[in-house]
*Asks:* 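So that we are looking at the same thing, I have put the structure below in structure tokens.
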Amino acid sequence: MENTVENAIRFLKDGKFIILADNESRENEGDLVALGDRIKPEVVYQMLGIANGLMCVPINSKIAKRLGFKEMVEHSTDPNETPFMVTTDATFESTGVTTGVSAYDRAATIRKIADPASKPEQFNHPGHIQPLIAQDKGIRVRNGHTEATVDLAYIAGAEPVTVIIEILNKDGKMARRDALYKLAEDYQIPMITIGQIEQYLDDHDIEYAAKLAE
Ligand SMILES: O=C(CO)[C@H](O)[C@H](O)COP(=O)(O)O
């Protein structure tokens with residue numbers, strides 16, 4: 001398997017998931033990542049079963065503002081300042097979502113968040129989907145999975161909405177580098193690091209900061 005940003009983008013565009021690891025000096029964890037605008041119930045189900053972490057949905061500030069999503073707390077004391085927002089489910093009227101927690105309902109809510117035509121009244125709060133709000137200037141200002149995956153969505157030409165979930169080992173502990181590379185091999189999916197995305201953006205001279213701040 002080619003563990004390159006280009007190959008990861010190919011997988012993401014095909015509606016599949018990849019593994020994204022952050023710096024070993026930071027959380028030192030790996031998340032499964034998929035694009036929100038093409039997420040399917042079967043992919044949500046598979047991601048939950050493999051990873052066992054907390055499924056979250058990074059979005060950009062423009063979407064958060066348009067949909068009226070609010071931050072979970074006014075003053076975060078989270079050590080990594082992970083930008084949790086108030087949870088949500090799409091309404092039954094807009095999507096047919098009922099419990100909010102089935103893979104079908106989660107995929108429907110995520111797709112609704114990624115729908116450029118969606119409106120605030122099409123969402124209930126709280127719910128079963130955990131949005132995270134990305135910093136406008138992406139991994140240049142915060143190198144978490146939140147910003148890195150929204151940047152990946154921009155590179156893929158997708159809506160800036162992603163689906164992430166941390167990977168746990170079978171012993172219940174966080175999966176670290178070697179275990180993550182093995183998992184990637186087992187599932188034949190690419191594994192990349194946040195550092196590789198930073199390098200990719202440097203190498204390709206992408207003027208993404210301006211785009212992110214639109
Ligand atoms: O805490 C988390 C949400 O379950 C995760 O660690 C996730 O990877 C997103 O956070 P960050 O942007 O801080 O990496």
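Scope of the values below: all heavy atoms of this structure, side chains included, with no hydrogens, waters or symmetry mates. Residue numbers count from 1 along this sequence. Both counts, for ligands and for their atoms, begin at 1 and track the order of listing.
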*Asks:* Can you tell me which residues line ligand 1 if we count any heavy atom under 4.0 angstrom from one of its atoms, in chain and number order?
*Replies:*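 Close residues (ligand 1, cut-off 4.0 Å): R26, E27, E29, D31, L54, C56, T82, F84, L132, R142, G144, H145, T146, I164, E166.
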*Asks:* Are any non-hydrogen side-chain atoms of T88 and L67 less than 4.5 angstrom apart?
*Replies:*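 Answer no - side chains too far apart.
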*Asks:* In this structure, is the centre-to-centre distance between the rings of Y187 and F17 below 6.0 Å?
*Replies:*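 Centroid distance F17-Y187: not below 6.0 Å, so no.
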*Asks:* Would L152 and L12 count as a side-chain contact (heavy atoms from CB on, under 4.5 Å) here? Give the steps.
*Replies:* CA-CA 9 Å; L152 273 179; L12 292 171; 4.0 Å; yes
*Asks:* Is the closest side-chain heavy-atom distance between V150 and I59 below 4.5 Å?
*Replies:*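 No; the side chains remain at least 4.5 Å from each other.
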*Asks:* Pair up each side-chain donor or acceptor in residues 109-118 with any protein partner under 3.5 Å, not counting sequence neighbours, and list the distances.
*Replies:*
unit_1, atom_1, unit_2, atom_2, d
T109, OG1, A90, N, 3.0
T109, OG1, D105, O, 3.2
R111, NE, I39, O, 2.7
R111, NH2, R38, O, 3.4
R111, NH2, I39, O, 3.2
D115, OD1, A117, N, 2.8
S118, OG, R66, NH1, 3.4
S118, OG, K112, O, 3.1
S118, OG, D115, O, 2.9

*Asks:* Under 4.0 Å between a side-chain nitrogen and a carboxylate oxygen: does that hold for R10 and D14?
*Replies:*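 Judged by the 4.0 Å cut-off on N to carboxylate O distance, R10 and D14 do not form a salt bridge.
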